[in-house]
Amino acid sequence: MKQPKIGLINTWAFLDDHIRCILDAGGLPVMLPVAAGAENASHYVDMLDGLLIPGGEDVTPFLYGQEPVPQVKLIRRDKDDFEMALIRAAVEQHKPVFGICRGQQLINVTLGGTLVQDVPTQGGSISHHQDGAIPDELLHSVEIEKDSHLYKLFGKTRLEVNTYHHQAVKEAAPDLRVVATAPDGIVEAIESKDGYVFGVQWHPECLCKKYPEFLALFRRLVELSRKD
Ligand SMILES: [Mn+2]
């Protein structure tokens, strides 16, 4: 069967895990150069069937109308601009977009939503953890909305996930909906009505080896990429 082409940037960490998950789900990973710039993003999307926006640096707070708080230290505006242009082009072309961690946050900002700049000081009351490496263990639970695409994927309303983030989605963009939250109310998954745009706050790419059920998220991206 033809492998749909799934584009992603050369992410900061666990690139091999992202590539492995896309391949295991039946897709063909295609690397996209950030240095090509936002002006070329739509030409790349023309060549792709789907898009994966991985984890990474904080999203620049100016992009959602806020001044950065002291806990925001790592930003890369060139990456923000390139990936936002990729997301816009993919949405325009009705190609699926899956965001992980920063990816979910950036999708939300691109479509008009806002972020919690620093979870520990702005509302998080359980550990969302950001020390050392991204864990491949399950560290908190999430509650999934029963009428969501995410629920259809996992078939349950409670999921245990790993966690490695200090930012999160605050107000969902107008075309997106919060479909999973942690026990302290922190947003853990979003999706569009038709399910073509979706994101999770945890890191499924680091869980697939030990907990294969998380490959379902990558399978969903690849399956949606086959249509059209
Ligand atoms: Mn979390």
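Because the structure is a prediction, the values reported are computed rather than measured. Numbering of ligands and ligand atoms starts at 1, following listing order.
With the Mn ion (ligand 1) as vertex, His165 NE2 and Glu188 OE2 subtend 100°, rounded to 10°. Around the Mn ion (ligand 1), the two atoms NE2 of His140 and OG1 of Thr163 are separated by an angle of 90°, to 10 degrees.
Under the 4.5 Å side-chain contact rule for hydrophobic residues, Phe154 and Phe198 share a cluster.
His128 has its closest N, O or S atom to the Mn ion (ligand 1) at the position named ND1.
Side-chain atoms of His129 and Asn162 form no donor-acceptor pair, as typed in the model, at a separation below 3.5 Å. Looking at His203 and Asp17, their side chains never bring a donor and an acceptor atom within 3.5 Å of each other.
Comment: Asp24 engages Arg20 in a salt bridge, judged by a side-chain N to carboxylate O separation of less than 4.0 angstrom.
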